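Written out below as structure tokens is the structure these notes cover.
These numbers were taken from a predicted model, which means no experiment stands behind them. Below, chain A is the first sequence line, B the second, and so on; all start at residue 1. Worth knowing before you read on, the calculation uses all heavy atoms, side chains too, and leaves out hydrogens, waters and symmetry mates.
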Protein chains: 2
Amino acid sequence: MEQRIERIKKQLHSQSYKLTPQREATVRVLLEHEEDHLSAEDVYLLVKEKAPEIGLATVYRTLELLNELEVVDKINFGDGVSRYDLRKEGADHFHHHLVCIECGSVDEIQEDLLGDVEKVVEKDWNFKIKDHRLTFHGICHRCQEESGSNNKEHKESNQHVR
Amino acid sequence: MEQRIERIKKQLHSQSYKLTPQREATVRVLLEHEEDHLSAEDVYLLVKEKAPEIGLATVYRTLELLNELEVVDKINFGDGVSRYDLRKEGADHFHHHLVCIECGSVDEIQEDLLGDVEKVVEKDWNFKIKDHRLTFHGICHRCQEESGSNNKEHKESNQHVR
DNA sequence: AATCAAATTAGAATTATTATAAATTGATAA
DNA sequence: TTATCAATTTATAATAATTCTAATTTGATT
């Protein structure tokens with residue numbers, strides 16, 4: 001973890017930004033919740049535990065900065081809020097998401113999957129792809145297994161959406 | 001156009017909703033702007049021309065209703081607003097989008113493209129796919145052609161984003 | 001004409017996000 | 001160390017999108 005923070009710090013410095021205490025606390029929260037898809041508010045509340053004096057606007061600005069530096073990705077699942085997702089180091093493509101319409105959980109797919117599709121799009125539409133967003137909506141494996149039971153909640157990877 | 005409205009009317013009736021004048025005016029606007037990706041506000045302003053007494057809340061409610069009936073799809077390109085896109089009749093999959101990061105234009109891809117990918121996801125992740133969202137961000141064919149020139153604006157299919 | 005539910009309107013309320021102005025911090029150089 | 005200057009942060013106000021509420025209207029049915 002310290003090494004990743006160190007690398008992010010270098011990345012900031014290389015563009016003459018500083019890793020202030022507030023920014024570091026924010027990055028730590030993101031690293032500690034790598035599996036989740038936190039909203040700005042979520043991040044704010046978690047950062048407050050480490051650095052109670054931080055302001056919400058600072059969190060927003062930090063997330064925006066990290067987004068510009070491609071340390072995090074800003075995503076939107078259609079509920080009202082933006083969520084922020086740490087990029088896997090060395091990942092040159094953005095990962096995909098599986099959103100369960102039953103329980104609201106969000107799982108990630110790290111595999112590429114789109115290589116061939118992107119080739120087709122670049123060629124047939126003459127479109128130079130820089131990034132992509134792919135989200136599948138459906139029923140997750142957990143909700144399928146319990147078909148018949150009434151258990152509506154799962155313990156892990158739950159990111160409930162309004 | 002009249003036939004499509006007639007079919008939407010039937011669809012509403014089948015779920016015991018009515019095609020009120022306000023709803024009809026809204027549907028007409030959507031049909032007349034099938035190529036665009038209108039925000040609720042855009043729709044509201046256009047509907048006002050036909051039915052000046054309509055309220056913004058009604059437009060929101062109508063769009064939400066049409067979304068539930070899968071007549072329109074609610075999409076989100078990451079700017080602050082939701083956009084509403086008429087579903088192609090008979091299309092069992094949601095079309096994809098090409099968002100240009102230069103000029104802000106949004107083009108559509110009607111081709112499926114994801115068939116194989118979906119098979120893999122359903123099998124390997126045991127996820128029952130109901131819907132998907134795929135958006136590519138990059139440089140559109142128009143902006144590529146004019147590399148070198150300073151022309152920043154295009155006449156058609158422009159959906160500028162904040 | 002009476003009735004009842006669905007739909008609409010206007011406007012208030014909420015929620016997420018961004019902007020602003022004043023204060024603080026940190027690095028650098030005199 | 002102290003002065004200085006830009007970057008950053010804070011608190012708060014402002015904005016923008018969307019949803020809620022209460023009162024009213026509409027339409028179909030008795």
Side-chain angles (χ1 to χ4, degrees), chain A residues 8-27 29 37-48 50-69 72-84 159-162, chain B residues 8-9 11-27 29 37-48 50-69 71-84 159-162:
Chain A
I8 290 169
K9 188 173 180 177
K10 286 215 182 84
Q11 208 184 334
L12 283 164
H13 284 163
S14 77
Q15 321 232 1
S16 54
Y17 291 111
K18 305 171 204 170
L19 186 63
T20 63
Q22 293 87 339
R23 286 174 181 169
E24 181 171 336
T26 305
V27 170
V29 162
H37 301 83
L38 304 173
S39 67
E41 180 104 35
D42 294 336
V43 174
Y44 172 61
L45 293 175
L46 289 165
V47 174
K48 275 218 127 173
K50 288 186 204 302
E53 77 296 349
I54 202 171
L56 177 57
T58 300
V59 171
Y60 269 102
R61 260 179 286 114
T62 301
L63 291 172
E64 195 182 310
L65 178 61
L66 293 174
N67 185 50
E68 275 164 28
L69 297 178
V72 303
D73 282 300
K74 190 175 178 176
I75 43 176
N76 209 305
F77 292 128
D79 57 332
V81 294
S82 295
R83 295 172 186 279
Y84 298 85
Q159 288 294 320
H160 275 275
V161 145
R162 247 197 239 142
Chain B
I8 290 169
K9 189 174 180 177
Q11 208 183 335
L12 282 165
H13 284 163
S14 77
Q15 320 231 1
S16 55
Y17 292 112
K18 305 171 205 171
L19 186 63
T20 63
Q22 292 89 340
R23 286 175 181 169
E24 180 171 337
T26 305
V27 170
V29 162
H37 301 83
L38 304 174
S39 66
E41 180 104 34
D42 294 337
V43 174
Y44 172 60
L45 293 174
L46 289 165
V47 175
K48 275 219 127 172
K50 288 187 205 299
E53 77 295 349
I54 201 170
L56 176 56
T58 299
V59 172
Y60 270 104
R61 259 179 285 115
T62 302
L63 291 172
E64 196 182 309
L65 178 61
L66 293 173
N67 185 50
E68 275 164 27
L69 296 178
V71 172
V72 305
D73 282 300
K74 189 174 180 178
I75 45 178
N76 208 305
F77 292 130
D79 58 333
V81 294
S82 296
R83 295 172 185 281
Y84 298 84
Q159 288 293 322
H160 274 278
V161 144
R162 246 199 242 140

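Following rounding to the nearest Å, Glu41(A) (CD) and dT14(C) (C1') show an atom-to-atom distance of 13 Å. Nucleotide dT18(D) holds its P atom 13 Å from the CG atom of Leu38(B), rounded to whole Å. In this structure, the OH atom of Tyr44(A) is 13 Å from the P atom of dA16(C), given to the nearest Å. For the pair Asp79(A) CG and dT18(D) P, the interatomic distance rounds to 13 Å; values are reported in whole Å. We find that CG of Asn76(A) is positioned 11 Å from P of dT18(D), with the value rounded to whole Å. The distance between atom CD of Glu64(A) and atom C1' of dT17(C), rounded to the nearest whole Å, is 10 Å. We find that CG of Asn67(B) is positioned 11 Å from P of dT19(D), with the value rounded to whole Å. Rounded to whole angstrom, the span from the NZ atom of Lys48(A) across to the P atom of dT9(D) amounts to 15 Å.
In this structure, the side chains of Asp42(B) and Arg83(B) come closer than 4.5 Å at one or more pairs of heavy atoms. Taking the side chain as every heavy atom from C-beta outward, Glu41(A) and Val81(A) never approach each other to under 4.5 Å. Contact annotation: the side chain of Thr20(A) never approaches that of Thr58(A) to less than 4.5 Å [non-hydrogen atoms, C-beta and beyond].
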Could you list all N or O pairs between the protein and nucleotides 4-11 of chain C that sit under 3.5 Å apart?
{"unit_1": "dA7(C)", "atom_1": "OP1", "unit_2": "Arg23(B)", "atom_2": "NH1", "d": "3.1"}
{"unit_1": "dT8(C)", "atom_1": "OP1", "unit_2": "Thr20(B)", "atom_2": "OG1", "d": "2.3"}
{"unit_1": "dT8(C)", "atom_1": "OP1", "unit_2": "Gln22(B)", "atom_2": "OE1", "d": "3.3"}
{"unit_1": "dT8(C)", "atom_1": "O3'", "unit_2": "Gln22(B)", "atom_2": "NE2", "d": "3.0"}
{"unit_1": "dT9(C)", "atom_1": "OP1", "unit_2": "Gln22(B)", "atom_2": "NE2", "d": "3.4"}
{"unit_1": "dT9(C)", "atom_1": "OP1", "unit_2": "Glu53(B)", "atom_2": "O", "d": "3.1"}
{"unit_1": "dT9(C)", "atom_1": "OP2", "unit_2": "Gly55(B)", "atom_2": "N", "d": "3.2"}
{"unit_1": "dT9(C)", "atom_1": "OP2", "unit_2": "Thr58(B)", "atom_2": "OG1", "d": "2.6"}

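Taking the salt bridge (charged side-chain N to carboxylate O under 4.0 Å, His left out) definition, one finds that Lys50(A) meets it with Glu32(A), sequence neighbours left out.
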* **Verdict with supporting geometry, Leu65(B) and Leu12(B), side-chain contact (heavy atoms from CB on, under 4.5 Å)** => CA-CA 9 Å; Leu65(B) 178 61; Leu12(B) 282 165; 3.9 Å; yes
* To do: Quick one: do Thr26(B) and Ile54(B) satisfy side-chain contact (heavy atoms from CB on, under 4.5 Å)? Show the steps, please.
  => CA-CA 10 Å; Thr26(B) 305; Ile54(B) 201 170; 4.1 Å; yes
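Between dT17(C) and Tyr60(A), a contact under 4.0 Å exists linking OP1 or OP2 to a side-chain N or O.
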